[in-house]
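Numbering starts at 1 and runs along the sequence shown. FYI, side chains are in, hydrogens and waters are out, and symmetry mates aren't considered; it's all heavy atoms of this structure. What you see is a predicted model, and the numbers here were worked out from it, not measured in a lab.
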Amino acid sequence: MKMKFEQPAPAGTVFTADAFEGQIGTDVPVNIEGGSAQTGRLVAAKVADGGQSVEMTIDVDVTIPPYGGGSFGLR
């Protein structure tokens, strides 16, 4: 499963445009709420907002249990 998220730069700093080029393809730690710590592979990283954040895509081998219903009109 590919997961996308945005990570802000540390306060008072900005990311350079090529800040993550050397890390594409590396394994990174991934914590999924309610699950155990896992490892994923960084497949893309795009510096955004003039260096204020980075948009990351990580490929994680994770199984999500089927939803039991109750919300979103599912039964």
### Query
Just wondering, do Asp49 and Glu6 contact through their side chains at under 4.5 Å, heavy atoms?
yes

### Query
Say you draw a straight line from OG1 of Thr39 to CG of Asp61; how long is it, rounded to the nearest 0.5 Å?
10.5 Å

### side-chain contact (heavy atoms from CB on, under 4.5 Å) partner of Thr57, the single match among Lys46, Met3, Lys2
Lys2

### Task
Please tell me if the side chains of Met1 and Val60 come closer than 4.5 Å, counting only heavy atoms from C-beta onward.
no

### Query
Any side-chain heavy atom of Phe5 sitting closer than 4.5 Å to one from Ile58?
yes

### Query
Taking 4.0 angstrom as the limit, do Asp59 and Arg41 come out as a salt bridge?
no

Donor-acceptor contacts under 3.5 Å from residues 7-25 side chains, at least two apart:
unit_1, atom_1, unit_2, atom_2, d
Thr13, OG1, Pro10, O, 2.7
Thr16, OG1, Asp18, OD1, 3.0
Thr16, OG1, Ala19, N, 3.4

